[in-house]
Number of protein chains: 2
Amino acid sequence: MNVTSMDVARVAKVSQATVSRVLNDNPNVSEEKRAAVLAAMEAVGYRPNVLAQGLRMRKTATIGVVVAGITNPFYPEALEAVGKQLERAGQRMVLWDSDRGGEEAALDAVQQGLVDGVIFTSVSEGSGTLDEALRLKAPIVLLNRGSINASCDQVTSNNFEGAAEAARYLYQIGHRRIGLLGGPLAARTARDRMDGFLHGLRELGQPVPDELICDALFTHEGGRMGVQELLDLDDPPTAVFCVNDFSAFGAVDGAREAGLDVPLQLSVVGYDDVAMAAWRSYQLTTVSQQLDAMSGRAVELLLRRVGRHEAPVRHDHFSGALVIRNTTAPPASQA
Amino acid sequence: MNVTSMDVARVAKVSQATVSRVLNDNPNVSEEKRAAVLAAMEAVGYRPNVLAQGLRMRKTATIGVVVAGITNPFYPEALEAVGKQLERAGQRMVLWDSDRGGEEAALDAVQQGLVDGVIFTSVSEGSGTLDEALRLKAPIVLLNRGSINASCDQVTSNNFEGAAEAARYLYQIGHRRIGLLGGPLAARTARDRMDGFLHGLRELGQPVPDELICDALFTHEGGRMGVQELLDLDDPPTAVFCVNDFSAFGAVDGAREAGLDVPLQLSVVGYDDVAMAAWRSYQLTTVSQQLDAMSGRAVELLLRRVGRHEAPVRHDHFSGALVIRNTTAPPASQA
DNA sequence: CTGAAAGCGCTTACAG
DNA sequence: CTGAAAGCGCTTACAG
């Protein structure tokens, strides 16, 4: 903030332009001058002012990321994956949480030139501001949270198919009364998983009655309350599919609180395959997502768009895989 | 990035300076002009360029935060707490992970004027770069990770005392052979908790033999490996204190994998009181930190320092509290 | 190869 | 109250 390229120029006895040239690896600098500049930089402890560079170059080498509730264990993993890619690409990351107005803030930031682009891992469907930013050609990609309306790059799991597979699996091991713990309908991810699950069961001639469908809000507490509601039914389900792992942990915990054994008295399946899912105390059956590959793609698409805005819109799907662990078993009646 | 204050000036038929004045709520603007400018801004969809403002004002309203392994459930909670405070103060947050060179990067960023200050929730003791940044008056505060050497604002829990209390509690309910699952010695937090624990037991005439001390690396996997090592001893401990919750979950899981009942055959206590600690499947006995208060203080200290660099250095301590749940019980021999 | 100069988009004394 | 102008720290044509 203190020593500028001008100072360096002074001690190196060259023009400020030359300092800038060596900074930018411009070949048009003689070896002597380059050496002198490098030495001077070292001597005075020069750090280029990133703001000034950004103002001049119209880019900042920083990318915004918005998550929805960082306390959901899915997000730290997503941030780690995205962060790794961003770091590799020499980009910084600024973080927003949509639980605290992050969506708007991020959109503002791209338009203010503070970040070169943003990755949304959460979008409220039909937000006018997103559409507007897109119209203004702001580089934006949606990761793990698609949107039908928005015409921008999107990378998602095949949530519908993954959930359908989970449905088939539960049916196949003998369950006939299966509950669904859904997520916020504003989230396309939640809707796709719910739809896929419902579809899978319907195809097997096993439609899910309304009483077996609860909203678990994507959270542990939601999952916990959700199962308890289901368990209070006159004819409770023998298995429950949760729209994400976070709420599935809640469902397992809720069932255990009610004194049930998981999976012997209730099977639970989640979605995401977060690291915790493999922990001994849960060993959750779930659907895994290719988070690293997805994050890599998202960063790649975004950076491409930061370069040339006119690239055609892409929508990439990655497949998921059912990971069978120990929260699922045939229903007690069959055991 | 496109429409500038010049454009606004043009349509409002005023000078660019006047546009800037209304932007900055300068009282010296007539009501008519102000209205005209506001209308023009609206009409052209103006967003001030934050980079230019930052360059001029020498501040950016963004704060850097560095965490050590965002996958540790403590960090999302810390980020949420810090983020809430930052948001309230109108500051943005850029995030770095020290697992991927974030410490250096953040230090660079303050000096490049990219962020106004940085909150470290992780510092490698004796990093020369930190000292250098401090000498250059960079606004820096250490949150939850003190350092004896660094002369900068620090806000920490009273880790030594909290750990000593955990030790006393285990002794008091009857344990005499107690293991310690430590963390990286480079982290002052880990050292203080280890020291406090060891001290507490020593005072009770119950020094901990070396064979009962393992490093659990602050991670789930570390905790899991750590207990297994302890459990393989000829005379295994009946209780174990873990230096953070993340590794304590691992310890519980490791014990369960070994077929032990927690707490009947092994008591486990953690540190942090992360949300998960209260979940049914763990119900971990642990030491809570006043994370919200600590985060608030850290932000406050940092912002104060961003304003006037010469404020005297402060080092604030917050007390912790033992939270007794269900991973602790008297040893089997006494039950 | 190198320097003087313009300009990125703002803010803020400085004169009216 | 208001405008013209300087300057924040860079990059990059433009002339040599």
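These values consider heavy atoms only, across backbone and side chains, with no hydrogens, waters or symmetry-generated copies. Convention: sequence-line order gives letters A, B, ...; per-chain numbering from 1.
- In this structure, the side-chain hydrogen bond (donor to acceptor under 3.5 Å, both in side chains) partners of B:Asp153, at least two apart in sequence or on a different chain, are B:Arg305.
- Atom-to-atom, CG of B:Leu114 to P of D:dC10 comes out at 13 Å; the value is rounded to the nearest Å.
- In this structure, B:Leu55 places its CG atom 12 Å from P of C:dC10, rounding to the nearest Å.
- Of the residues in residues 29-40 of chain B, those lying under 4.0 Å from DNA chain D by heavy-atom distance are B:Val29, B:Ser30, B:Lys33.
- Only the P atoms considered, D:dA5 is 23 Å distant from D:dC1, to the nearest whole Å.
- Nucleotide D:dG7 holds its C1' atom 15 Å from the CG atom of A:Leu51, rounded to whole Å.
- In this structure, A:Trp96 and A:Val115 have side chains that are in contact, with non-hydrogen atoms separated by less than 4.5 Å.
- Evaluation of the side-chain hydrogen bond (donor to acceptor under 3.5 Å, both in side chains) rule for B:Arg100 yields no partner, not counting sequence neighbours.
- Between A:Asn26 atom CG and C:dG3 atom P there is a gap of 13 Å when expressed in whole angstrom units.
- In this model, the phosphate group of C:dG9 is not approached by any side-chain N or O of B:Asn49 to a distance below 4.0 Å at OP1 or OP2.
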- [ ] Could you provide the dot-bracket string of DNA chain D, using ( ) for intrastrand pairs, [ ] for crossing pairs and | for bases paired to another strand, with Watson-Crick or G-U pairs below 3.5 Å?
- [x] |||.||||||||.|||
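- Taking each heavy atom of A:Phe218 and A:Asn72 in turn, the nearest pair found is O-ND2, 4.0 Å.
- For B:Arg191, there are no side-chain hydrogen bond (donor to acceptor under 3.5 Å, both in side chains) partners two or more places apart in sequence or in a different chain.
- Taking B:Gln91 as the reference, B:Ala61, B:Ile63, B:Leu86, B:Ala89, B:Asp116, B:Leu303 meet the side chain to side chain contact (heavy atoms under 4.5 Å, CB included) condition, with sequence neighbours excluded.
- Taking atom CG of residue A:Asn28 and atom P of nucleotide C:dG3, one finds them 13 Å apart after rounding to whole Å.
- In this structure, B:Lys59 places its NZ atom 18 Å from P of D:dC8, rounding to the nearest Å.
- For B:Leu51, the side chain to side chain contact (heavy atoms under 4.5 Å, CB included) partners two or more places apart in sequence, or in a different chain, are A:Leu51, A:Thr60, B:Asn49.
- Scored by the side chain to side chain contact (heavy atoms under 4.5 Å, CB included) test, B:Thr189 finds B:Asn144, B:Arg145, B:Asn159, B:Arg193 as partners (sequence neighbours excluded).
- Close to D:dG9, at under 4.0 Å from its OP1 or OP2, lies no side-chain N or O of A:Thr4.
- Taking A:Asp99 as the reference, nothing meets the side-chain hydrogen bond (donor to acceptor under 3.5 Å, both in side chains) condition, with sequence neighbours excluded.
- Contact of the A:Met6 side chain with the A:Val19 side chain is not registered, since no non-hydrogen atoms from C-beta on lie closer than 4.5 Å.
- The CE-C1' distance, from A:Met6 to C:dA4, rounds to 11 Å in whole Å.
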Open item on the list: Return a single string for nucleotides 11-16 of chain D, one symbol per nucleotide in 5' to 3' order, where B is base contact, S is sugar-phosphate-only contact and - is none, cutoff 4.0 angstrom on heavy atoms.
Closed with: BBB---
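- Listed by chain and number, the residues in a side chain to side chain contact (heavy atoms under 4.5 Å, CB included) with B:Val11 are B:Ala40, B:Val44 (sequence neighbours excluded).
- Atom C1' of D:dG16 sits at a distance of 16 Å from the matching atom of D:dT12, rounded to the whole Å.
- Rounded to an integer number of Å, the gap from B:Arg47 CZ to C:dC8 C1' is 19 Å.
- Screening residues 22-35 of chain A for salt bridge (charged side-chain N to carboxylate O under 4.0 Å, His left out) gives A:Glu31-A:Arg34 as the qualifying pairs, with residues at least two apart or on separate chains.
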